[in-house]
Amino acid sequence: MKLKLIISTFILCFACVVFANEEECETTEDSFASNLAKEVGIPNCYTNMNLMMAKRGRTEKLCDECRQDFESRYPDRINSLSKSEIQARVFKASIEDYKKNLISNLVSVVRMRGLPPTGNNFDKSIKACQAPKQADLIANCSSPAAKALLSNTELFNKMQEAAANEVAKLVSPNPDFTPIPILLKHEKPSCAFPEKDVLFLYSLATEKAFSPTLIETLSSLDFKRFNSTFDIFQQNFENSQINLAEVYEGMKSHPVLSTKIGSPQEFLTFIKNIPRPLNENSLHQALYTKEHGEKIDQSIASNCTESLNTFKEAICNEQFENGNINLESFDNLSKISSLKLDPSSDELAASPDLLQANIEILRLCKTSFPEKAKNISELLNGITPGMDEIFKSQNLEKFSQDKFVQDIGKTQELVCSPEGKKACEENSQSFACQIYKGYENSKKKGTLEYSLANSSNKEVNTLLRHMIGDSSSIAPQTKVVLVEAGILPQSDGTMVAQADIPERQPGYFSKPSTNSAPAPVQKTTIASQPARASRNSQNSSPRQELYNPGAYYENHLASQMPDFSDLLDESDKNLRNVQDEIMRRLSGLPNQRPTSSAQAKQIARDSLKSKGISNSSLESALASRMMATSPSATSNSIPTGSADMFDGERKEVASTSTETAAEKYKKDGMNRALADMYGARQSAGGAGASAGARANGRSPASGPGDAESEKPLSTVALSVPADPRVSLHQVFAEKLNKNDPEAQMLKVLVTSRKNFILQIGQVNFRVVFDKASQMNILLDSGDKDEAQRIRPQLEIFINRLRSI
Amino acid sequence: MKQMLCLLLLLSSAWVFAEEECDETPSKIKPLLEVANAAAKSGCPNATGLTSLCMAITSGAKDSSGKYDFAYQKIIMEASCVTSSDSEASIGRKVNTMWKTFEERLVCETASFDVIKGNILKYAVSKRFEDFLFDAAMMWKVNLNRIDPSDGRTVLDYVKKELDKYKGTPSEKTLKSYYDMLKSSGAKHKSEL
């Protein structure tokens with residue numbers, strides 16, 4: 001009896017143990033569903049996990065449990081969206097995708113702003129990435145429903161506003177600046193580490209990671225062995241000391257390297273072509289070349305074209321017009337739904353919007369979903385080509401913030417944190433440590449980082465300006481940042497000069513060539529200046545120039561600047577600041593010299609004005625000094641308007657092995673000016689109109705076969721007050737608002753797409769149209785600086801005229 | 001009566017014992033670790049490919065062999081010696097064994113990750129790479145409660161910290177969904193351990 005009792009007790013206990021065990025563990029197995037049911041009561045099928053499960057073909061929870069429960073609670077709420085609702089949602093989803101691509105492109109471009117130039121003018125990107133014009137989009141769209149949706153002007157203003165906000169957020173020297181409070185930049189201003197510095201310091205750290213050893217190892221690999229760049233690193237550096245994730249992250253975000261990791265062949269060929277012997281300069285030489293500049297240009301242009309075409313193709317077609325959009329497709333549904341709501345479990349079916357989102361998601365269950373599941377990833381890939389996997393399914397706001405966090409925010413926090421500084425002591429080669437050191441250097445005059453942090457890239461700024469488009473609807477605080485950064489023009493149409501430094505000159509990182517031809521253009525007289533003469537030695541090593549460029553800038557360029565101290569009252573702080581202001585403005589000019597006395601006067605006037613001083617005699621004295629100490633202002637300035645500039649191929653001022661860095665810089669300055677002209681010529685060449693300026697200041701010769709080129713162009717004059725203090729923006733706005741006859745005439749010409757000469761004061765612009773009806777405004781004759789002042793506002797004005 | 005009392009006593013001790021099992025006390029981990037150690041000696045699981053796991057998360061790279069969706073899945077499966085004949089439960093067990101064996105190595109350190117040598121789950125949160133999180137927490141059910149020495153936090157603490165930081169911003173909802181998913185998969189705050 002006792003034995004029986006013991007056995008039965010044991011059996012019972014065993015059963016209890018098993019039962020208890022199973023039950024407990026089952027709760028864990030499906031604890032999400034249980035918790036959901038317990039905590040919320042009303043099921044929300046629109047959660048990340050359900051979506052993720054569904055994406056992998058596991059729809060049981062979504063389609064069975066959720067749907068059953070859902071339908072039992074809301075049987076009468078399941079209905080269909082109307083045609084117009086569908087159209088509106090698809091339209092919005094397409095706009096969001098377009099903006100995401102725009103932001104990605106903007107960040108890529110801003111990254112280049114703090115780096116040495118690649119010698120490219122980004123002419124392709126400027127054309128392809130120019131903010132789309134509402135009128136053009138409407139005109140080229142076949143769907144009346146889409147046209148009606150596109151007529152919303154606010155939509156376009158918001159797009160430009162979003163672009164401007166994004167750029168301002170990144171380029172502001174103030175780390176606390178944020179144009180939209182909701183897009184919190186970081187937790188607290190834990191350290192003054194501007195975003196723009198994070199971007200370029202990160203790129204410099206990436207370059208440093210490519211040690212000669214790493215380059216040599218990569219060079220020995222055969223690309224045929226690999227399917228992707230990821231495979232190259234995975235298979236060859238598993239046991240190395242290299243932090244693979246760090247190097248890979250760095251390459252992905254580096255403006256040039258990122259264009260080289262598309263395929264193993266491309267990447268390894270690039271690595272093999274890095275000039276030998278390998279040293280700290282080798283990678284720079286390979287990276288910052290015109291060839292790569294063109295590649296970046298092409299890549300940005302393709303991205304812009306692709307995203308605009310994707311947008312247009314999504315809405316300007318028959319299917320959209322008929323409302324015949326495949327809503328069974330998972331990606332469309334989730335994209336449309338996510339416009340209103342994010343998948344989350346904390347808003348469980350608590351609002352009508354969430355109910356609707358659930359209804360839409362549950363519609364998926366009506367189809368044989370698992371079969372379709374396989375295609376979902378492919379579909380998602382197709383919608384936002386080239387975009388990071390992680391960002392693809394996000395809505396615009398979340399994308400914008402997450403992108404910022406990934407690109408900058410986390411790095412900023414790490415570098416600013418005590419842990420980051422401590423880790424730097426342990427591993428000085430880590431990127432965080434390199435960035436931290438770079439940041440410390442950026443505060444010290446005489447370092448590469450200081451020079452890069454305190455200057456910017458003119459070509460990149462121009463591209464950003466075009467990408468932002470019309471700046472009239474941009475918030476004032478955002479505009480101030482962009483104006484100060486030299487991206488948008490000031491109210492008088494002039495640009496705030498950005499420091500121009502040797503590192504930004506094309507070819508700065510190139511090897512001095514011993515076989516260079518003699519300079520084809522006039523030599524500068526700068527070489528004769530005593531300050532540089534002392535350094536005019538063959539022993540001046542490129543390395544020394546590279547790693548001490550700030551000192552070079554301080555010692556040499558500053559010494560080329562005129563001295564005004566005797567004209568200014570040293571006791572007056574404001575007057576002392578005038579000298580700095582003049583220097584700043586001069587540093588942005590080719591050769592750091594005014595090309596005419598009018599320009600010198602203007603610089604003097606503006607510099608005084610910026611310090612709240614109005615003194616015409618002092619203005620004249622400062623201008624005279626600028627001209628007196630400017631031997632290059634007459635005989636040695638870049639000869640703008642010279643026929644040589646535009647005829648034939650671009651001629652570069654060659655560098656020689658014996659020249660000093662200052663001479664090289666000077667020549668590079670010329671090359672840069674030539675490149676500008678060449679860019680203009682190329683641009684006009686596309687229009688079939690040669691940009692060759694004629695001595696008579698009239699119409700240029702056009703491209704071959706262009707009948708119009710043979711006859712002189714008609715000239716239209718636009719009256720604008722000569723006083724540079726008058727805001728061009730206001731003048732043009734008045735012409736638009738008051739239906740000015742000149743504006744009317746101009747409108748006729750631009751809408752008929754006829755090439756013509758536009759005369760404004762002493763400056764003649766040539767307005768030409770290419771085969772794609774793209775308008776180009778080129779300097780025909782007159783003062784180049786005055787033209788630069790007028791041109792941005794003029795472009796806006798004419799574009800507005802075209803769109804009215 | 002005595003018999004009844006005896007039965008109750010046994011039942012309650014069985015219940016206590018069962019709870020311990022599901023709470024993953026050392027008594028449960030011990031045999032697993034033994035298995036893991038034995039397996040490690042036989043070359044399985046192996047850590048060879050794990051060095052590139054962080055890179056796979058950073059890049060979101062697809063599996064170039066086409067066998068899996070993502071490169072990280074291939075790395076984890078190979079390190080865990082998963083074969084095509086393994087059932088879902090068996091995959092989970094093998095991945096768990098691998099995870100426990102090499103947990104110290106499953107850390108990432110990059111300039112865009114704000115934890116020094118932080119565990120890979122935090123890295124995935126930081127990168128907002130929910131596919132990896134989903135697999136780790138829901139499919140493989142790996143240990144979610146490692147505390148990193150550098151920040152003294154579990155992954156749930158880290159998500160909470162991120163949530164506090166991004167409160168009121170578009171990232172809040174994403175982070176909240178991570179929080180819910182991790183919590184429902186057994187993740188705990190340091191204070192709860």
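Letters go in sequence order (proteins before strands), and every chain restarts at 1. Computed over heavy atoms, backbone and side chain alike; hydrogens, waters and symmetry mates excluded.
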Toward chain A, the part of B/Y179 with a non-hydrogen atom under 4.5 Å: neither
Separation between CG of A/N227 and NZ of B/K62, rounded to the nearest 0.5 Å: 15.5 Å
Partner chain A: residue of B/S112, B/C54, B/S64 with the largest heavy-atom pair count (under 4.5 Å): B/S112
Part of B/I75 within contact of chain A (heavy atom distance under 4.5 Å): side chain
B/S126 versus chain A, the contacting section by heavy-atom distance below 4.5 Å: both
Non-hydrogen side-chain atoms of A/E249 and B/K127 separated by less than 4.5 Å: yes
Segment of A/F233 engaging chain B (4.5 angstrom heavy-atom cut-off): both
Partners passing side chain to side chain donor-acceptor pair (under 3.5 Å) against B/K94 (at least two apart in sequence or in another chain): B/D86
Chain B contact via A/L244 - side chain, backbone, both or neither, heavy atoms under 4.5 Å: both
Short side-chain to backbone donor-acceptor contact, A/Q234 and B/G49, under 3.5 Å: no
Residue selection (most heavy-atom pairs with chain B, distance under 4.5 Å) from A/V247, A/N243, A/V198, A/I242: A/N243
B/S52 OG to A/D231 CG distance, which is reported to the nearest 0.5 Å: 9.5 Å
Greatest number of heavy atom pairs closer than 4.5 Å to chain B - which of A/F237, A/Y436, A/F230, A/Y202: A/F230
